[in-house]
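By convention in this document, chain letters (A, B, ...) are assigned in the order of the sequence lines, proteins followed by strands, and residues within each chain are numbered from 1.
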Amino acid sequence: MASSRTRSQAVRRSLHLYIDPSSYTATKAVDSSHTPSPGFGTNMSAGNDYYTSSAGVSDSTLFSVLCMYDFSSDDPGLLSFSKNEILNIVKCDNTGWWAAMRKDGPVVGWIPQAFVVQLSDDMSERLRNVREEFRGYEYEAEQLYNSAPVSRILPLFETDSATTSPLPVYEENRLSTSISDPRNGTRDQRPQNARNSLRPGNRRPIPPPSPTSPMPHPPLMLEKKVKPARSTHAGGHETHRSQDTLTRKQSLRARPVISPNSQTLRRLSTLIETKNTREIEKIASSDINSSFDMISKYARGKSLNKQSFGDARHIEAVIHIRPWYLQPRLADQIEEDRQGYIRNATLPALIERLTTHDAPLDLTRQAELTTFTNVFLMTFRTFTTANTLFEILAERYNTTPVQSISDQELADWKANWQTPTRKRILEVYSRWLEDHRLLEEEPHLAKPLTDFLRTIKTPPHNADAEAIIKTLERLTFTVPSDISAQNTPGKSKKFKAHKNDLMKIEPSDMAEQLALLEQALYVKVTPQECLSYAKTRSGPAITRLLAFCNTHDNLVSWVKRSILNLDILGKRSYTVDFWIKVAEKCRQLHNIASMSAIIIALSSTDLSRLHLTWAHISRRNNLEALLRYNDPSGGFAAYRALLDKAEGPCIPFITMYLGDIIHTEEHFAYQDADGRICFYKRARWFEIIGNILKFQKRAYNIPSNEPMKMFIETQLMMASKHDSNWFWNKSQEVQHSEVANADIRKGLEAAGF
Amino acid sequence: MDNWRVAVLGDGGVGKTALAVQFTLNCFTYDPTIEDAYRKQLVVDNRMCFIEVIDTAGQEEYATLRDQWVREGQGFILVYSIASRSTFDRLEIFRQSMKRVKRGDPIFMLVGNKCDKTMEREVSKEEGAALARQFGCDFIETSAKTAQNVERLFMNLVRSLRATRVVAEPGVSNAPTKKGPKKSKCVVM
């Protein structure tokens, strides 16, 4: 220990050659979060030879870091390390070079800050106990866990951008300059450092007291954390030192760009470099300020969830700054939450959003817009009428430009507002017609719509209009075809005559026909009915929905009845087994509705009390497995998971979704305090209804068996006539006879038979 | 800490969801797909307990699910609307279901909801109390809209549930759920 100590002191002394005390006192601006230990601090202010002070190794340690990459150097002042090592930092320097040492080793050397990440005390303690090769993953996992709901990037916007300008783009601007300055820290995912390098005071780097070589950059794999090749990297470092300019260029090009949309980022940095900032300021302070605020709010909200994404969004928003006459006028009437979902909005603002066609959109924005359109078109009937919507859209199509506009601006307006907006309005009509049942829900609008479309004679819209008219005609004159009938294959299967006896039916045939029957009912359920369900639980508004739901109950009754009506124990057991087989087949066919009905029937008290019947059942375990789906905890979490994963044709069990619809109805108001439409409520409904109806387009490829279908329908009808008391009494009867028979049998056995 | 599953039963439109929502969350961050959406901590008699509310709204169309609810629940809330006589008359169905599935005495409370609708009252408080006596259970009138008596309802129910837990012999637990509470006390008879 003693010898190592002297050695370490020797090294420290030699290290001291590299450390210029004057720069310390001048630049105490080490980030405040890196609080130096007291001993260290006093020495620092004294400007003395602090390393020879009596402070032990651990005292001088500021914090620990995890090495994210390999780093090697021949320079004696630098400390080589390999990935996943944990080092103690004894001094932070604003140049980005930190003095570090190993826990057990006496050698102190400079390391580039960009190659390491700072660890909290807990974390370093924990990581030291992890095997070296796993530390990186452990750290990432921890970061993911920690960063999930909290914004780390938010303060950056709030503090800096609030004081300088409402334009967060300044941050980007600074970042992009800092990128080209290799001494100025690096931009990475650690907000603290990012912030550090962003502070105006820190921007001019202090003459490096330590290594004079420029900061090397970590290999370009920040995102994927792929293990960088050691050899290339070592070479890279040499290049840094010899060909400084070249490296700078390279580093600018080869920066680890956080945003997936690297092109946009690069485009912006050039854009900002060439443009003077005055122009951006001018734009920001003009009358579109409010809408810009909205954009930044939007982007800020985004950055909460997807930190790195937020940047890209910002940039995009800036690129798309448009003249005032192209700006949305009612954007301030839409209230969005931090995730960018619309909470409340007025109808005109919603329609403006609906018909605004922002030119090049990235895929995420495109998807968001599509979702918004679908939510709007599915649920608009809950906050306005179809007629109103139709009229507003038609009116908007014929919007005239504002008077005070110059000729050049008019041309620009026509090209960049009128044409895309008109195109978009036609798109909306077309979607309404094709996907949102305009003809079924609002047949009276067919004529006005055709008339309106016929007035459109000018290119480029006349083609679109004609296409819609054609669709309209096609949909009017073709009877909506039954999906299940459509897909019936030509060759029909030979069915065994079952003579209306359950015991002669194949379970798989039964399951298949049940699937067809349920599907025929399921495909008829409409989104509007599901919406109406929030308000009413009966009546003509939801006939088809009820027909589908009631089949579930009727099937339960039939299963119970088919068993309770049998007098012979063996037959009852056989029938129970039969239904278990049918349920299993239903599970295979993804006919979750019938499956749940059958297992609910079999597990009902009416049947489960027939202990002797159950004693003869062989497939009990199979039933137990299926019954796990029936657990209602977490709002039928098991069914939800099953349906989320279902592929191919499927008939869902929808009770929990109906519950969700009612929850949403109870939980969110229709309007907010200002009378704006609570759009979030609609968005939730859209999501739930999407879950209910998403399988409608997937048809079974099963041949229909008419006699069997008739048989099933008759049985369901007959079973629906019994009420719960009938089943209870019947089951009591059966139970008594079982017990009585058992007594007789026991008596016979006892008598020697 | 004890853990109770409470099923809210009653006809459609009596405000089951409103009760559950009023009880489980008084804030507006709500997602029914999250399992914890229905859970709430409550301190009753200085002891903490967890209540999971099984909301049966949207299941009126599935009468056969009733057994399922009853089997899963440990305590029950039987709700009718004071503004609708028919919801009051149909309570017998739910009680029967409870009695059949649970055998023995299920723990439940009778609740006349929507007591803010005094102008539309169809079922008097006395009738409610009389039915409760007949059922052998506690009775309370609540308003999910104004939150009146909602917390009290659940606290009373937890008290009743705790009382049975102490009295009940070990092994005769009528709680088939895995999430059932660990017995804190063992009574030697």
Side-chain angles (χ1 to χ4, degrees), chain A residues 533-538 542 545-546 548-550 552-557 559-560 596-597 599-601 603-606 608-609 627 630-637 640 644 653-669 680 684 687-688 691 723-725 727-728 731, chain B residues 5 7-8 11-22 24-39 52-73 92-94 96-103 144-145 176-179:
Chain A
Y533 187 79
K535 283 272 180 210
T536 171
R537 310 291 150 73
S538 59
I542 52 170
L545 178 63
L546 286 187
F548 176 57
C549 295
N550 289 340
H552 188 274
D553 262 12
N554 293 346
L555 182 55
V556 174
S557 302
V559 173
K560 287 196 215 168
S596 89
I599 59 178
I600 283 172
S603 64
S604 69
T605 334
D606 299 331
S608 60
R609 67 208 291 230
L627 274 175
N630 254 1
D631 181 4
S633 61
F636 284 109
R640 285 179 201 267
D644 280 348
F653 177 58
I654 61 170
T655 177
M656 59 282 184
Y657 297 131
L658 294 178
D660 291 351
I661 289 181
I662 294 169
H663 268 277
T664 309
E665 162 76 13
E666 296 279 344
H667 204 85
F668 300 100
Y680 191 72
R684 285 231 38 113
E687 199 181 304
I688 298 163
N691 277 330
D723 69 348
S724 58
N725 283 331
F727 285 112
W728 182 252
S731 115
Chain B
R5 273 191 183 188
V8 187
D11 250 13
V14 298
K16 294 189 291 291
T17 306
L19 264 183
V21 165
Q22 181 61 254
T24 49
L25 17 99
N26 304 310
C27 53
F28 267 64
T29 50
Y30 160 73
D31 182 358
T33 55
I34 294 175
E35 296 197 14
D36 274 356
Y38 304 88
R39 281 160 66 81
E52 184 180 358
V53 180
I54 304 179
D55 174 24
T56 62
Q59 275 84 60
E60 293 87 3
E61 270 43 83
Y62 293 90
T64 44
L65 278 176
R66 214 178 291 131
D67 281 5
Q68 198 71 37
W69 303 124
V70 176
R71 201 171 303 129
E72 296 292 337
E92 181 59 28
I93 299 174
F94 295 99
Q96 268 181 3
S97 177
M98 283 193 307
K99 282 182 83 173
R100 283 169 192 169
V101 176
K102 281 294 181 202
R103 310 210 187 136
K145 199 172 164 190
T177 57
K178 282 154 254 152
K179 285 190 184 171

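Heavy-atom distances place the side chain of A:F636, and not its backbone, under 4.5 Å from chain B. Within the 4.5 angstrom heavy-atom criterion, no atom of A:F548 approaches chain B. For chain B, the nearby parts of A:S603 are the backbone and the side chain; heavy atoms of each come within less than 4.5 Å. Looking at A:Y533, the atoms closer than 4.5 Å to chain B (heavy atoms on both sides) all sit in the side chain, from C-beta outward. Both the backbone and the side chain of A:I654 come within contact range of chain B, judged by heavy atoms closer than 4.5 Å.
Separation of atoms CZ (B:R71) and OG (A:S604) is listed at 7.5 Å; rounding is to 0.5 Å.
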| Verdict with supporting geometry, A:N725 and B:Q96, side chain to side chain contact (heavy atoms under 4.5 Å, CB included) | CA-CA 9 Å; A:N725 283 331; B:Q96 268 181 3; 3.1 Å; yes

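Residues B:R100 and A:T605 share a closest heavy-atom pair of O-CG2, 3.7 Å.
Residue with the most contacts toward chain B among A:D723, A:L658, A:N550: A:L658 (heavy-atom pairs, distance under 4.5 Å). When each of B:S97, B:G15, B:A18, B:G12 is checked for heavy-atom pairs under 4.5 Å with chain A, B:A18 comes out on top. No other option in B:T56, B:I54, B:L65 has as many heavy-atom pairs under 4.5 Å with chain A as B:L65.
With sequence neighbours excluded, no residue forms a side chain to side chain donor-acceptor pair (under 3.5 Å) with A:D644.
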